[in-house]
Amino acid sequence: MQGTGAASSDIGRGARVNVGWLIAGLLTSPVLVLVSGAVRPRAAGGVAAWLAGLSFVAVLGAWVGGVSDLRVTWLHAWGLPLHLSLDGLGALYALLTTGIGCLVIVYSQAYMPGHAHDEQALVIFYALITLFMAAMVGLVVSIDLYSLLIFWDLTAIASYFLIAFDTHDRRARAAANVALVLTAGSAVLLLAAAVLLHVETGTSDLPDIFANVPSGTTLTVIGMLAACAAMAKSAQVPLHFWLPRAMVAPTPVSAYLHSAAMVAAGVFLLSRLHPLLAEDEGTRQLLIWVGMASIACGSILALAHDEMKSILAYSTVAQYGYVVWLLGIGGSEAAPAAALYVVAHALAKSALFLTAGAVTTATGEHRLSRVGGLAARVPWLAAGSAICAAGLSALPLTVGFFKDELFFRVAHGEGTLATIAAIGAAGLTFAYTWRFWCGIFYGAYRRKPRALPRRLVAPVLALAAIIIAGGLRPQWLTGLAEAGGAVIHGAPLSVETRYHVDPRASNLMALAAYGLGIVLLLGERTLRQSWRLVARAGELYGPDRIYHAARHAMATVSTDLHGIEVRDLRDRAAAVLVPGGALIGGALLAGAQGALVRVGDLRLVDLPLAAALVVSAIAAVAAVRPRRHLPMILALSMVSYSLAVAFAFFGAPDVALVALLVQTVLTLLLLAALSLFPSDHLRETARAEPRLPPRAFVVSSLATAGAFAFAWVALSWPASPAVPLADVRLTPEAHAGDAVTAILADFRGLDTLGEATVLVLALLGIATLLRWHGGGP
Amino acid sequence: MTIFTEIVARVLVVPMFIVAIAFLVRGSTATGDGFSAGMTAGLAMLLQYIVFGRRHVGRRTRLAPAGPFVGLAGLALMVGVALSGPLVGAPLLRHFPSSGEPVARIGRLELHTAVLFDAGIALLVFGLLVAVLEIFAEVAERERQ
């Protein structure tokens, strides 16, 4: 089903297997890794590698053989669809994610054992990597806004735990925090954009949205929000500073998440939403300028830094700047160029990261200035990474040549200024790529490295082989880029990739870029000071500083507010009850006017109900009186028991039963909690005279009035009983005799599921609080 | 604890679990549902904890440390039932057999996925309650030492 996006889903519809099974299978792989790790911790890595390889084969098979869309409306009330489809764009990213993921896991098997505290941590590492893979593939096949959002967040969460893999390292935890705030925090912007789009167009399915694009300011706001979220994820200036910090993560994580997969999610989002974003001039200008700024800043900082992984991180910032710039330009030339750029960059950059990790393993050094002359010692690694560096710096016979050729063609079409800028950008790329390679492998021989395990070298060679294959037979990868570009552009297109030995513009630009790169490389020593000056200025006044100042200020405000709130127990109760009472009172005053509540008259039948309520009122008043704790608890439970009786009379036996059971458990647990305190302490607090400040009376009367009004409304006959009665009427259709059970398990099952999740979270909270105060670690 | 409470507590276990299962099985046609079932079964365990203490409960049944897993199994069951719809192309949380189609029965138990979902709630509530009891008892034990 090689073809355009629109056509491919039509062809795919005939296929019997739907893409949901692929995602379901991927999502179970972390569970399989955990299970295998529980049985035999050493097996987890192998299982993860096999599962990743299997995923790659499955995605490839699904793309070549065709796979049908999954499209179901899962929330009928809001008409929310779950729409997954493996179109050209999704296939491109899914193949990258699973393929590079497989190689990275193979590499991890040799690399990680030296970097993990115990075998259990390794099992969790493999589970997280496979979870990330599943999330990323889920993200790229999502065609509706909300599944896109869910997978987007899942990638950020998996990335958080992977960056903070070394939990004992303070820097790792801090870096994970910054990355989470920026990448998951920006997901809120994406959520805002999604909700705006949904409200404006009435649908959350992207094909429907593209057919009915909103216009004017709304579109600008949506475009800016989505673009900001994507820029944070793709580490674009000025939100780029989380990426270099995230380099404290284990190298396989950097190679995978921070070059090929997670940072690619940002430009993926821009590609997926391109038909929408391209309609808005403001968003396009934003992308163009941000892309250019990222290329400039990333390239210069990559030249200024000395740590190997930092160089690669800044180069990633610059490389995604190219893609963002291309997506800002848009059109039938830039779209496939952006798609091919992502592929070529991911292959080359992850290989260079793996090289850096292997070099660190062999020499124990992290800095470029401390290594050198390794070419003769590790020839295979040197050759493999030389090919990858050639791919990144766009030398001929690699797939990288074509990524730059397409880029040059687009830039040439944009005028002289863009042409010069493009040459400058490509020259900088050439310079920092070869500075990295030469710094490691060329020059004076420093010291004898340790022998490298084969698994640290083989993945680099595999990636180098793909890069060469893509350079010799470009149609393999450009076919994919064509399909991806067609989805971005929204119309079929074709890309011409062939070597021409003639003085055409793109060839001349490439030659100029190589020349500039060589000049920069040769003059490295004299220029280094000025690059470092720029980096220093960025450290002093850059966005990193602003971020930390802002975070510090917010933390101060939050701490102060918290201090006021928890001064004593009464304040804490008031902090909940007063806003609650005020809100309910306000809602009743604003919305009541007779429409919401009808006061019925008291009939003889209601007498038992009234009696039960009177008993519970007496019990409630009685609960205030006693000083000692035990009678207080008993009086409080009396309130609930008499309320349960009231519910039974009110015609709600299910509610009465639940109230009875819950109160019994609660009373017994409260008594157990009481037994935890020393008895003389209890006696002392009971004897102490409580002194109430005057505001306590105001607060309690406000809260009481709110609670009373709320209970009054809830227990009155509602003016429009439509919903509950409809549920009761439909109960036999749901094969149930009891309306409450039918509502819980069927009509409102989703609510129940949500509440069940809350219960599990509550248990986690209880366990943490009790164990922590109990003197645990 | 007197010998009387100990005997009552021991004798009550099985009937309480039977009542819990009855709440679950009869839930779709009469008062009671998965939540009440889980609560009732949890109450039976609570009684054991109060009367015999944590050590004894741990010795008599393997259930005590398994609480969180039972709870998570319940949640997994619920999620599984919810997701079975989309996998066959129906909406989330569509129960089978659908309305109008006949339902097989074993006695009063209807073989309906809604009942399975309800059983998930029961397992979840029971498991979490046992987990809370276990944590509580553990902390209480430590405080007393």
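Order of the sequence lines sets the chain letters (A, B, ...), proteins ahead of strands, with each chain counted from 1.
- With a 4.5 Å cut-off on non-hydrogen atoms, B:Ala30 touches chain A through its backbone but not through its side chain.
- The distance from atom CG of A:Leu139 to atom CG of A:Leu84, rounded to the nearest 0.5 Å, is 11.0 Å.
- Residue with the most contacts toward chain B among A:Ala656, A:Ala756, A:Ala24: A:Ala756 (heavy-atom pairs, distance under 4.5 Å).
- Within the model, atoms CG of A:Leu86 and CG of A:Leu70 stand 12.5 Å from one another, a figure rounded to the nearest 0.5 Å.
- A:Ala742 does not touch chain B: none of its heavy atoms, backbone or side chain, sits under 4.5 Å away.
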Exercise for review: Take B:Arg10 and B:Glu6 through the salt bridge (Lys or Arg N to Asp or Glu O under 4.0 Å) test and state the conclusion after the steps.
Suggested key: CA-CA 6 Å; B:Arg10 191 160 294 176; B:Glu6 284 186 6; 5.7 Å; no

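- A donor-acceptor pair shorter than 3.5 Å cannot be found between the side chains of B:Asp33 and A:Thr741.
- Top candidate by heavy-atom pairs under 4.5 Å with chain A, chosen from B:Arg26, B:His112, B:Glu134, is B:His112.
- Between chain B and the options A:Leu82, A:Thr73, A:Asp746, the largest number of non-hydrogen pairs under 4.5 Å is found for A:Asp746.
- The OG atom of A:Ser142 sits 6.5 Å away from the CG atom of A:Asp144 when rounded to the nearest 0.5 Å.
- The backbone N or O of B:Arg54 lies less than 3.5 Å from no partner atom in the side chain of B:Glu141, so there is not a single donor-acceptor pair.
- In this structure, B:Val139 and B:Phe136 have side chains that are not in contact, with every pair of non-hydrogen atoms separated by 4.5 Å or more.
- The OG1 atom of B:Thr5 sits 8.0 Å away from the CZ atom of B:Phe52 when rounded to the nearest 0.5 Å.
- Separating the CG atom in A:Asp69 from the OG atom in A:Ser85 is a distance of 3.5 Å, to the nearest 0.5 Å.
- Looking only at distances, no side-chain donor or acceptor of A:Ser147 sits under 3.5 Å from a matching main-chain atom of A:Ile143.
- Both the backbone and the side chain of A:Leu669 come within less than 4.5 Å of a heavy atom in chain B.
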Point to revise | ring-ring contact (aromatic ring centres under 6.0 Å, His included) assessment of A:His198 paired with A:Tyr146 | key: CA-CA 10 Å; A:His198 190 176; A:Tyr146 296 104; 5.6 Å; yes

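- Chain B forms more heavy-atom pairs under 4.5 Å with one residue of A:Thr757, A:Ile766, A:Leu753, A:Leu671 than with any other, namely A:Leu753.
- The backbone N or O of B:Gly32 lies less than 3.5 Å from a partner atom in the side chain of A:Asp654, making a donor-acceptor pair.
- Within the 4.5 angstrom heavy-atom criterion, atoms from both the backbone and the side chain of A:Ala673 approach chain B.
- For B:Phe23, the part lying near chain A is the side chain, with the backbone staying farther off; criterion is any non-hydrogen pair under 4.5 Å.
- Listed in order of number, the residues of residues 659-667 of chain A that approach chain B to under 4.5 Å between heavy atoms are A:Leu661, A:Val662, A:Thr664, A:Val665.
- Summarising the geometry of A:Thr28 relative to A:Gly25, their closest heavy-atom pair is OG1-O, 2.7 Å, with the distance given to 0.1 Å.
- Interface remark: B:Val79 contributes backbone and side-chain atoms alike to the contact with chain A (heavy atom separation under 4.5 Å).
- The CD1 atom of A:Ile633 lies 10.5 Å from the CG atom of A:Leu668; values are rounded to the nearest 0.5 Å.
- Contacts of residues 118-130 of chain B with chain A at a heavy-atom distance below 4.5 Å involve B:Asp118, B:Ile121, B:Leu124, B:Val125, B:Leu128, B:Leu129, listed in sequence order.
- Both the backbone and the side chain of A:Leu759 come within contact range of chain B, with heavy atoms under 4.5 Å apart.
- Taking 4.5 Å as the limit, some side-chain heavy atom of B:Leu77 sits within range of a side-chain heavy atom of B:Leu116.
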